[in-house]
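Written below as structure tokens is the structure these notes are about.
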Number of protein chains: 2
Amino acid sequence: MGNTQLASVPEPKYWHLKTVLSEALDTEFAVGEVLPNERQLSARFGVARATLRQALEQLELEGRLQRRRGVGTTVAPPRLGVAVGTDHGQDRPGTDDDLWQPVDCVDAVPPAAVVRLLGSGSGETVHTVQRTRSADGRVIAAELLYVPAAAVPGLSAIEPLAGAARARAVLREFRRLGLEGQDRAVELGSAGAEDAKQLDRLPGAPVLVVTTRHFAEGRTAAVGVATYRADTCRLTFGESGAVQVTPQGPDRRAS
Amino acid sequence: MGNTQLASVPEPKYWHLKTVLSEALDTEFAVGEVLPNERQLSARFGVARATLRQALEQLELEGRLQRRRGVGTTVAPPRLGVAVGTDHGQDRPGTDDDLWQPVDCVDAVPPAAVVRLLGSGSGETVHTVQRTRSADGRVIAAELLYVPAAAVPGLSAIEPLAGAARARAVLREFRRLGLEGQDRAVELGSAGAEDAKQLDRLPGAPVLVVTTRHFAEGRTAAVGVATYRADTCRLTFGESGAVQVTPQGPDRRAS
DNA sequence: AAGTGGTCTAGACCACTTG
DNA sequence: AAGTGGTCTAGACCACTTT
């Protein structure tokens, strides 16, 4: 006998490292400060660079760090609380708020999963509006809003429009509908190539995928698929008045 | 000249691998089926095992795969849609629904972030109720519900209780309050050691952290921090009637 | 005991940003 | 050109589950 605790809990190195770094971040670093580079850190802690990276990846996933190739690793600010309006006028597509910035609009046949949600025909093309949402001058979310042509009949006449102008036109028509409600789902995903570019992240970066169904006239009038940067965003589902963009950190359980 | 596309887009191997595997999963495998082991797969694709693992990790993050040490890698079923009630009677702690299963209850001083949300004193101990939520016989979420002693004054008399019985007592008292509303935030996190055990995952596994503020008598009466398995869960925020446990996959953008 | 995924190493090269 | 993080390799050993 002698050692009961030491051998019986072979905590992975990267896990222990993460804990140590996490505490150091709380006490010895300020937001925005750059950490020593990975080679220096791995040497200092006496581990391989891959192991050190495993710890950094976790901390980045938790929104504690921000890493940029060619630049370095910096201490991330607390996550931004972004309101994903539940039934306030807020999120109704087409409203003049500039939460969302129209980018483009094409007609295409949506992915099978979206077709299923729309309940429309399988080969049908729908207006696909591309929008981005920004905060503090940075893009934090990219959305594809799928609006079946049947839902906005007034549009065919304005055909010639393209790009952002076209997107605005579709949204304007869409706004004419009396929206009856929305329906949301949130899940974890990883950024595709296009999303990654818009979010200024590498492909595969973790994102929170918010799928919204917009109801009008008893049917699903549109489906939105928004991808939020999971590293920098905390999605808030208000209800109690406060239309907040609360920047206060919510919680982190004992590590 | 000659090659413009080939050299200009040096897509990472693991990314390409992920795409190939993803398509194979759609066409050649059934849910629950076990894949060849990592050494075989890496050999078959002519890459190092670490590279293969990078692709598998992403697919697991997206809920397409499930890996268990000592067992193997299997094709995951579509994510489970779990309702995170917005203001339906549903989620009121203490209701007899068995969405949540009381596990334990201790009095302790909560993490700083929770203290901030509660607006209570800093050194104050609060009733900390531990609950788990299951679906299909598996635990999908673990929650710590922080209830300040001041909010449930009727409890001190029943002191001797402990464990799950104590938890039920606190919830019963809490239910007596007239809840006025809730407030939620969702963000990405990684499972701590205790959470991981309850969720049957390894520490560091990705989780969706749902922070709920319960309002009563014009104050924050309790704060819940729930961690949902991000690999298997899709959180739904109903509003349109349907109290669903929709098991249909919502979407996945073109890879 | 055998087979699986999980951790770790030491090194190499690449893509990107910045002076 | 120098410095950063990102990708990739080939191998080793460990922890866990199943037989």
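Chain A is the first sequence line, chain B the second, and so forth, proteins listed ahead of strands; every chain is numbered from 1. Note that these values count all heavy atoms, side chains included, but never hydrogens, waters or copies made by symmetry.
- One can place CZ of A/Arg69 at 13 Å from C1' of C/dC13, the figure rounded to the nearest angstrom.
- Contact annotation for B/Arg39: base contact, defined as any heavy-atom pair under 4.0 Å involving a base atom.
- The phosphate of D/dG5 (OP1 or OP2) has a side-chain N or O of A/Thr73 nearer than 4.0 angstrom.
- One interatomic measurement links the two molecules: CG of B/Leu202 to P of D/dC16, which rounds to 9 Å at whole-angstrom precision.
- Regarding contacts with the backbone of C/dT7, a side-chain N or O of A/Tyr14 is found under 4.0 angstrom from either OP1 or OP2.
- At a threshold of 4.0 Å, the pair A/Arg229-A/Asp231 counts as salt-bridged, since one of the basic side-chain nitrogens sits closer than that to a carboxylate oxygen.
- Checking C/dG6, C/dT17, D/dC8 against every side-chain atom of A/Val71, the shortest atom distance belongs to C/dT17.
- For A/Leu65 and D/dT4, the CG to C1' distance is 15 Å, given to the nearest whole Å.
- Between the CG atom of B/Asn37 and the P atom of C/dA2 there is a distance of 16 Å, given to the nearest Å.
- Taking atom CD of residue B/Gln54 and atom C1' of nucleotide D/dG6, one finds them 9 Å apart after rounding to whole Å.
- The base-pairing partner of D/dT18, taking Watson-Crick or G-U wobble contacts with both distances under 3.5 Å, is C/dA1.
- Under 4.0 angstrom from either OP1 or OP2 of D/dG6 there lies at least one side-chain N or O belonging to A/Arg67.
- Looking at B/Thr236, its side chain does come within 3.5 Å of a backbone N or O of B/Val82 through a donor-acceptor pair.
- Contacts between residues 43-53 of chain B and DNA chain C, counted as heavy-atom distances below 4.0 Å, involve B/Arg49, B/Arg53.
- Checked against D/dG5, C/dT4, C/dC8, the side chain of A/Pro12 finds its nearest nucleotide in C/dC8.
- Judged purely by distance below 3.5 Å, without hydrogens or angles, the side chains of A/Glu62 and B/Ser190 pair a donor atom with an acceptor atom.
- No side-chain heavy atom of B/Tyr146 sits under 4.5 Å from any side-chain heavy atom of B/His127.
- Between the NZ atom of B/Lys197 and the P atom of D/dC16 there is a distance of 11 Å, rounded to whole Å.
- Taking atom CG of B/Leu41 as the reference point, atom C1' of C/dT4 lies 12 Å away to the nearest angstrom.
- For the pair B/Arg184/B/Val84, a side-chain contact is recorded, criterion being any heavy-atom separation below 4.5 Å from C-beta on.
- D/dG11: Watson-Crick or G-U partner is C/dC8, with both key distances under 3.5 Å.
- Atom pair B/Leu56:CG and C/dT7:P shows a separation of 14 Å (rounding to whole Å applied).
- Between B/Arg64 and B/Glu60 there is no salt bridge, since no side-chain nitrogen of the basic residue lies less than 4.0 Å from a carboxylate oxygen of the acidic one.
- The closest side-chain heavy-atom distance from A/Leu59 to A/Leu21 is below 4.5 Å.
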